[in-house]
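To find a chain, count down the sequence lines: A is the first, B the second, and so on, and within it residues start at 1.
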Amino acid sequence: MALKVFNTETRALSPFEPLEDGKARIYACGPTIYDHAHIGNFRTFLFFDVVHRHLEWSGYNVRFVMNLTDVDDKTIGGAVKAGSSVAEFTRPFGEAFLADCNTLGMLPADSYPRATQYITQMVDFVVRLIANGHAYVADDGAVYFSVASFPRYGRLKGIDTSTLKVGARVSQDEYEKEDARDFALWKPAAEADEKAMAAWDSPWGRGRPGWHLECSVMSLTELGDTLDLHLGGEDLVFPHHENEIAQSEAATGKLFVRNWLHVKHLQVEGRKMSKSLGNFVTVRQLLEEGYDPASIRHQLVSAHYRSDLNFTRDGLDASRSAVQRLVNFESRLEAVPVGDGEPSGLRDVSAETLAAFRAAMDNDFNTADAMAALFGLVNRVNALLDARPRVPAEDVASVRDALSSMDRVLGLLEVAKASRSVDASLASWVEERIQARADARKRKDFAAADAIRGELTARGIVLEDGAGGTRWKVLGPAAAASGAAPK
RNA sequence: GGCGCCGUGGCCAAGUGGUAAGGCAGAGGACUGCAAAUCCUUUAUCCCCGGUUCGAAUCCGGGCGGCGCCUCCA
């Protein structure tokens, strides 16, 4: 069973065969950091993370690069408005973005290149394209890529662009293109560009790079001429990625990307997310509303990346319960009575689950199917454990290993634990209360015992009486409980 | 207008020819001092019509409904 991925270019599933055995070079189109990233962005980025994790889990030596776009119309516009440079203007958004990524449990990338750091390489790249006849300098000082010079243009989108009429909707005065399909590699500096310190010297005068150029140059510089995977949101297929292919292959003469993966756009409450519809949601907003990161991660990863996914508050509640079931299961495994006992069959269940999980993930990252395998383990093991007073320690260990193994890919427990950690003073207070309640129960003073339970419940702490004593857990983000410990 | 996707139980969502995963929610039951957790039982003519096939949620045609891209929005 080997990994198969759906390649946008061929519109078919094909075996993942990296350029170099055992190595995976991945480039992910990250956000433009002119504002806080929204929940839709994170569907895409969380999928990137699943790819990243699954490949590492599968034993690949992964190099994962995600760019942060800091030079484009929006960052420049924002910088001008704020009276600062693009570097200053974008810095906090970049930092906030990385913080959000961390909150949602995304593995760090090996590199987060920004356009402002690659100006020299971009200029060199354009020089190269001009030299080999794929680009030309227009009268206005802009450099355009000549689409006519690249016959394979349009293959990603699956369209024949040669039929497009020149000049149809291209503004007559602003551009000096030879062909309507041509796109800018380098743009002459406008006043705003200078103001935002987003203009650099070049052989064609002051100017700045075009958006498509940034990604090509950064990916080629960071990862080499041929990438194994290039990831992005579906909106980037055309023209962004189409243009990247053209300019990259025209420059290197080599295949640019072996597999293109594109994530379907998220919907919010049944509609496309947009500012005008007023359904624009950021991660930090959701956290303020009291939702926790694990719920968000769960919901965004719960559907296959090429399927519609409708993000809703109700769905978040459902995800919260689903994650809680996992957390409960994990803590049960920690406390389960072990002993010699006869073989329980748990090891077979663990192995079967892992095989099913792997098959699902290998099938173009089918996270929904993979989660079914995961929850199947929970169901089967819970039932088995209920039926036996004790099971061999190794059997339980096999389940624990399977669970943590799958979570290395899904990251659900990981995020749940990170966001629900409890500080020591609260913990010792809870332990003290539990002891007091135990004493009350011993006296059969259930009214007192229930009062203590209520006291804890009010702070989001739930007690579970079991054979081995009373265990407790915090429901919801740690914020709800932290600082709640009375003196 | 051009290109494309989707329509599965109350909600979410897998399944692309062999007879419906999983999550959430609901109902009943077991366990519990009460709970929580867990288990058991229970809820689907797979949008409609026609066709292909021994057999279709899965393939083809038509219809209805929803959505996306075509704008430097992931």
Side-chain angles (χ1 to χ4, degrees), chain A residues 11 28-32 34-35 37-48 69 71-76 157-159 163-164 169 183-184 187 210-212 214-215 231-240 243 262-267 270-275 280 298-299 302-304 306-312 314-329 331-332 335 356 360 363 366-379 381-387 441 444-447 449-450 453-454 457 462-466 470-473 475:
Chain A
R11 297 182 191 206
C29 268
T32 301
Y34 68 104
D35 196 354
H38 54 69
I39 201 71
N41 293 318
F42 279 106
R43 178 195 193 178
T44 300
F45 302 143
L46 242 15
F47 171 68
F48 296 171
T69 297
V71 176
D72 88 324
D73 290 348
K74 289 192 294 293
T75 59
I76 290 168
K157 178 72 173 175
I159 54 171
T163 60
L164 291 181
R169 225 185 50 187
F183 55 90
K187 302 178 175 188
W211 177 44
H212 312 304
E214 299 177 10
C215 276
L231 316 173
E234 62 175 344
D235 57 306
L236 300 181
V237 174
F238 189 89
H240 187 51
N243 291 351
H262 291 97
V263 184
K264 186 139 188 162
H265 274 186
L266 181 73
Q267 305 203 2
R271 305 287 317 170
K272 170 187 180 173
M273 171 161 35
S274 72
K275 286 182 174 170
F280 190 90
H298 176 91
Q299 186 174 185
S302 65
H304 184 74
R306 285 188 285 117
S307 298
D308 284 325
L309 174 60
N310 185 14
F311 187 86
T312 63
D314 287 349
L316 231 31
D317 290 334
S319 286
R320 175 182 218 322
S321 300
V323 171
Q324 189 59 49
R325 183 167 168 79
L326 255 24
V327 171
N328 291 341
F329 181 61
S331 83
R332 176 178 195 177
N363 183 23
N366 193 333
T367 46
D369 207 11
M371 281 199 218
L374 170 62
F375 281 96
L377 178 77
V378 176
N379 290 331
V381 173
N382 269 330
L384 223 145
L385 253 24
D386 275 3
R441 292 179 74 206
K444 303 276 187 211
D445 184 355
F446 295 120
D450 287 347
R453 182 204 291 287
T457 304
V462 176
L463 302 183
E464 294 180 8
D465 298 325
T470 298
R471 291 189 291 132
W472 62 282
K473 66 190 179 195
L475 283 183

(message) Work out how far the P atom of B:G22 is from that of B:A44, and round it to whole angstrom.
(response) 14 Å
(request) Return no unless some side-chain N or O of A:S302 is found under 4.0 Å from OP1 or OP2 of B:G22. (result) no
(request) Answer yes or no: is there a side-chain heavy-atom contact under 4.5 Å between A:H38 and A:L266? (result) no
(message) Could you tell me the Watson-Crick or G-U partner of B:G10, where both distances fall under 3.5 Å? Say none if there is no partner.
(response) B:C24
(request) Check whether any side-chain N or O of A:R43 sits under 3.5 Å from a backbone N or O of A:Q267 as a donor-acceptor pair, and report yes or no. (result) no
(message) Measure CG/A:D369 against P/B:G15 and give the value in whole Å, please.
(response) 6 Å
(request) Specify the separation, in whole Å, of atom NE2 of A:H304 and atom P of B:C6. (result) 11 Å
(message) Classify A:H298 by what it touches in the nucleic acid, base, sugar-phosphate, or nothing, heavy-atom distance under 4.0 Å.
(response) nothing
(request) Report yes if the side chains of A:Q324 and A:V462 come closer than 4.5 Å at any heavy-atom pair, otherwise no. (result) no
(message) Is the phosphate of B:G23 approached by A:S319 (side-chain N or O, under 4.0 Å from OP1 or OP2)?
(response) no
(request) Specify the separation, in whole Å, of atom CG of A:L309 and atom P of B:U8. (result) 14 Å
(message) Is the shortest side-chain heavy-atom distance between A:L231 and A:V263 below 4.5 Å?
(response) no
(request) Choose from B:A74, B:C24, B:A13 the nucleotide whose nearest atom is closest to any side-chain atom of A:A303. (result) B:A13
(request) Please name all residues satisfying side-chain hydrogen bond (donor to acceptor under 3.5 Å, both in side chains) with A:D317, sequence neighbours left out, ordered by chain then number. (result) none
(request) Any chance you could lay out the side chain to side chain contact (heavy atoms under 4.5 Å, CB included) test for A:D369 and A:H304, step after step, and finish with the verdict? (result) CA-CA 8 Å; A:D369 207 11; A:H304 184 74; over 6 Å; no
(request) Searching all strands shown, indicate the nucleotide that pairs with B:G18 (Watson-Crick or G-U wobble; both distances under 3.5 Å). (result) B:C54
(request) Kindly determine whether A:V378 and A:R332 satisfy side chain to side chain contact (heavy atoms under 4.5 Å, CB included), including the steps that lead there. (result) CA-CA 10 Å; A:V378 176; A:R332 176 178 195 177; over 6 Å; no
(request) State which of B:C24, B:A74, B:G15 makes the closest approach to the side chain of A:N366. (result) B:G15
(message) Donor-acceptor check, side chain of A:E234 to backbone of A:H262, threshold 3.5 angstrom: yes or no?
(response) no
Within the sub-3.5 Å range, which N or O atoms of nucleotides 66-68 of chain B have a protein N or O partner, and how far apart are they?
residue	atom	partner	partner atom	Å
B:C67	OP1	A:R271	NH1	2.4
B:C67	O2'	A:Q267	NE2	2.6
B:G68	OP1	A:K272	N	3.4
B:G68	O2'	A:E234	OE2	3.0

(message) Only pairs with both distances under 3.5 Å count, Watson-Crick or wobble alike; so what is the partner of B:U38 in this structure?
(response) B:A30
(message) How many whole angstroms separate atom CZ of A:R320 from atom P of B:A25?
(response) 11 Å
(request) Measure from CZ on A:F375 to C1' on B:A13 and round the result to the nearest Å. (result) 12 Å
(request) Sort out the partner of B:C67 for me: Watson-Crick or G-U wobble, both distances under 3.5 Å, none otherwise. (result) B:G4
(message) Within the structure provided, determine whether A:K272 and A:H265 are in side-chain contact (heavy-atom separation under 4.5 Å).
(response) no
(request) Look at the aromatic rings of A:H240 and A:W211 and report parallel, tilted or perpendicular, splitting at 30° and 60°. (result) parallel
(message) Reading RNA chain B from 5' onward, which residue's closest nucleotide shows up sooner: A:D317 or A:G40?
(response) A:D317
(request) Just call it for A:G232: base, sugar-phosphate, or nothing, with non-hydrogen atoms closer than 4.0 Å on any strand. (result) sugar-phosphate
(request) Using the closest heavy atom to pick a nucleotide of RNA chain B for each, name whichever of A:A322 or A:N41 lands nearer the 5' end. (result) A:A322
(message) Rounding to an integer number of Å, can you tell me how far A:L316 CG sits from B:C11 P?
(response) 19 Å
(message) Check this one for me: any side-chain N or O of A:S307 less than 4.0 Å away from OP1 or OP2 of B:A13?
(response) no
(request) Would you confirm whether A:R471, through its side chain, and A:S331, through its main-chain N or O, come within 3.5 Å as a donor-acceptor pair? (result) yes
(request) Take nucleotides 33-42 of chain B nucleotide by nucleotide from the 5' end and write B, S or -, depending on whether a protein heavy atom sits under 4.0 Å from the base, only from the sugar-phosphate, or from neither. (result) BBBBSBS---
(message) Please report the distance separating the C1' of B:C11 from the corresponding atom of B:G26, rounded so that it comes out in whole Å.
(response) 11 Å
(request) With heavy atoms under 4.0 Å as the rule, sort A:A318 into base, sugar-phosphate or nothing. (result) sugar-phosphate
(request) Let me know the distance between CD of A:Q299 and P of B:C12, rounded to the nearest Å. (result) 11 Å
(request) Please state how far atom CZ in A:R43 lies from atom C1' in B:C12, giving the value in whole angstrom units. (result) 13 Å
